[in-house]
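Just the heavy atoms: all of them, side chains too, but no hydrogens, waters or symmetry mates, feed the values below.
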Amino acid sequence: MQIRALIYFDELVRARSIRAAADKLNIQPTALARQIDQLEHYFGTALVERSSRGVRLTSAGELLAARAGKTLRELDHVRQLIDDLEGLKRGQVAIFASGATVANLLAPALADFSLKFPNIRFSVTIASARAAVEAVANAEADIAVTLFSKPEPGTKVRLRSEIVYDVIAAADHPAAAHSELSVSALARYPLAVPDQSFGARLAFDALFKQAGLTLDPVFVTSSLEMQKELVLRGAAVTLLPALTVLRECRAGQLVAIPIAGGRGIRTPIDLCVAADRQLSFAAAKLLDAIDRFMRDAMPKLPGKGV
């Protein structure tokens, strides 16, 4: 069985049309059909059912489709490792990250790294912590940068650092006058928080419950940018790691206020990699660069009591 046949089949799975897949691959439909025929001969069973409306995968085709993509990604990874052995300074790194880790952690780390290694290419996908870790396990990502992530079979935490959620308020907001805030005091201000699909939101609910209160936010959103904009305009305060608003804090627009009594939410920020897959030169160097950036940046965060 040739790798080309798997590549063609993988494209057909996405396109669900021989003509559309052939156009994407820049080949004739008959050439693609021949490769699918060869695959069916190799496995001794039909993989697709053809009709005027396109193609539909058989049960055997579904089984192959579930594994073909990962196999091709693993082969690309091996090719990258071979490039590394030959001393080539090129390659690609796929990163999945939680939104709260991006703007002032991942983006500057990537920018600095890219200036040193201009031939490396990056793809960055913003996803939930669970989806990010699953992407590493499925070989869709080299690295996952997550908050509130749970272990996933086939992955390991390569690097971990603790991060604290503070109250984030506009510099001229009444809350900004305090050196710390109790949960009960926080509850008196309009709040902007993420929705229930985020691990952080579950932690916020638990924090209020422990204080005998019910979290009653004015704004619920899946957008970190929306949270920050509402806070910048003085319409609400929120809970975020100060790292995520580093630029705004340094500009004097926002402040980070600790929760009183050391009761602030703490969570690990994890850099996850595959448990049994060697990182390429590019991915390993990037992992080290993110680690150094975290160690350098986090002790310098501005804010109340920081």
Check against salt bridge (charged side-chain N to carboxylate O under 4.0 Å, His left out), Glu49 and Arg56: CA-CA 5 Å; Glu49 294 177 353; Arg56 185 178 70 85; 2.4 Å; yes

Evaluate Gln210 against Val183 for side-chain contact (heavy atoms from CB on, under 4.5 Å), listing each step before the verdict. CA-CA 9 Å; Gln210 290 168 8; Val183 178; over 6 Å; no

One pair to check against side-chain contact (heavy atoms from CB on, under 4.5 Å): Ile95 and Asp142. What are the steps and the verdict? CA-CA 6 Å; Ile95 308 136; Asp142 298 298; over 6 Å; no

Worked verdict on Val231 versus Glu248 for side-chain contact (heavy atoms from CB on, under 4.5 Å): CA-CA 11 Å; Val231 173; Glu248 293 85 355; over 6 Å; no

Candidate pair Asp10 and Arg14, rule salt bridge (charged side-chain N to carboxylate O under 4.0 Å, His left out), full reasoning: CA-CA 7 Å; Asp10 188 57; Arg14 286 194 290 270; 2.7 Å; yes

Dump the intermediate steps for side-chain contact (heavy atoms from CB on, under 4.5 Å) on Arg158 and Leu287, then the final yes or no. CA-CA 9 Å; Arg158 175 71 175 268; Leu287 196 65; 3.2 Å; yes

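Under a hydrophobic clustering in which Ile, Leu, Val, Met, Phe, Trp and Tyr are joined whenever their side-chain heavy atoms come within less than 4.5 Å, directly or via other members, Leu181 and Leu213 fall into the same cluster. Hydrophobic clustering of Ile, Leu, Val, Met, Phe, Trp and Tyr side chains at less than 4.5 Å, counting indirect connections, unites Tyr42 with Val55. Both Ile126 and Leu271 are members of a single hydrophobic cluster when ILVMFWY side chains are connected at heavy-atom separations under 4.5 Å. Residues Leu110 and Val136 fall into different hydrophobic clusters, defined by Ile, Leu, Val, Met, Phe, Trp and Tyr side chains chained together at heavy-atom separations under 4.5 Å. In the hydrophobic clustering of this structure, Ile18 groups with Val13; members are Ile, Leu, Val, Met, Phe, Trp, Tyr whose side-chain heavy atoms approach within less than 4.5 Å, directly or through other members.
Rounding to the nearest 0.5 angstrom, the gap separating the CD1 atom in Ile269 from the OG atom in Ser98 is 8.0 Å. In this structure, Ile7 CD1 and Leu12 CG are separated by 14.0 Å, a value rounded to the nearest 0.5 Å. To the nearest 0.5 Å, atoms CD (Glu11) and OG (Ser17) are separated by 10.5 Å. The structure places OG of Ser182 at 6.0 Å from CZ of Arg188, a figure rounded to the nearest 0.5 Å. Note that CZ of Phe198 is 5.5 Å distant from OG of Ser222, once rounded to the nearest 0.5 Å. The CD atom of Glu140 sits 5.0 Å away from atom CZ of Phe96, with the distance rounded to the nearest 0.5 Å.
The environment of Glu62 atom CD is dense: over 12 non-hydrogen atoms of other residues, nucleotides or ligands sit within 6.0 angstrom.
Of the possible donor and acceptor atoms, one in the side chain of Thr58 sits under 3.5 Å from a partner among the backbone N and O of Ala46. Thr244 places a side-chain N or O within 3.5 Å of a backbone atom of Pro241 that can act as its donor or acceptor partner. Put simply, the side chain of Glu40 gets close to the backbone of Leu47: a donor and an acceptor are under 3.5 Å apart.
Between Asp37 and Arg50, at least one side-chain nitrogen of the basic residue sits less than 4.0 Å from a carboxylate oxygen of the acidic one, meeting the salt-bridge criterion.
Side chains of Val273 and Thr155 form no contact here, defined as non-hydrogen atoms less than 4.5 Å apart. A heavy-atom distance below 4.5 Å is found between the side chains of Pro194 and Phe204. Looking at heavy atoms from C-beta onward, Val145 lies out of side-chain contact with Asp270 at the 4.5 angstrom threshold. Looking at heavy atoms from C-beta onward, Ile257 lies out of side-chain contact with Asp166 at the 4.5 angstrom threshold. Side-chain contact check for Leu6 versus Leu64: some heavy-atom pair is nearer than 4.5 Å. Two residues are said to be in side-chain contact when any heavy atoms from C-beta on lie closer than 4.5 Å; Leu191 and Phe208 meet this criterion. Taking 4.5 Å as the limit, every side-chain heavy atom of Val255 sits out of range of all side-chain heavy atoms of Ile168. Residues Leu25 and Leu32 have side chains in contact (heavy-atom distance under 4.5 Å, counting atoms from C-beta outward).
Judged by distance alone, the side chains of Gln196 and Asp205 do bring a donor and an acceptor atom under 3.5 Å apart. Side-chain N/O atoms of Thr221 and Ser223 include no donor and acceptor closer than 3.5 Å.
Proximity of the aromatic rings of Phe113 and Phe117 is defined here by a centroid distance below 6.0 angstrom, and this criterion is met.
Nearest heavy atoms, Ala68 versus Phe9: CB-CD2, 4.4 Å. Nearest approach of Ala97 to Leu106, heavy atoms of both residues: CB-CD2, 3.7 Å. Across all their heavy atoms, Tyr165 and Thr267 have their closest contact at CE1-CG2, 3.9 Å. Summarising the geometry of Ala21 relative to Ala15, their closest heavy-atom pair is N-CB, 3.7 Å, with the distance given to 0.1 Å. Closest heavy-atom contact between Ala132 and Ala127: N-CB, 4.4 Å. Heavy-atom minimum distance, Ser179 versus Pro258: O-CD, 3.4 Å.
Among the candidates Val193, Asp195, Thr238, the single residue satisfying the side-chain contact (heavy atoms from CB on, under 4.5 Å) test with Pro217 is Val193.
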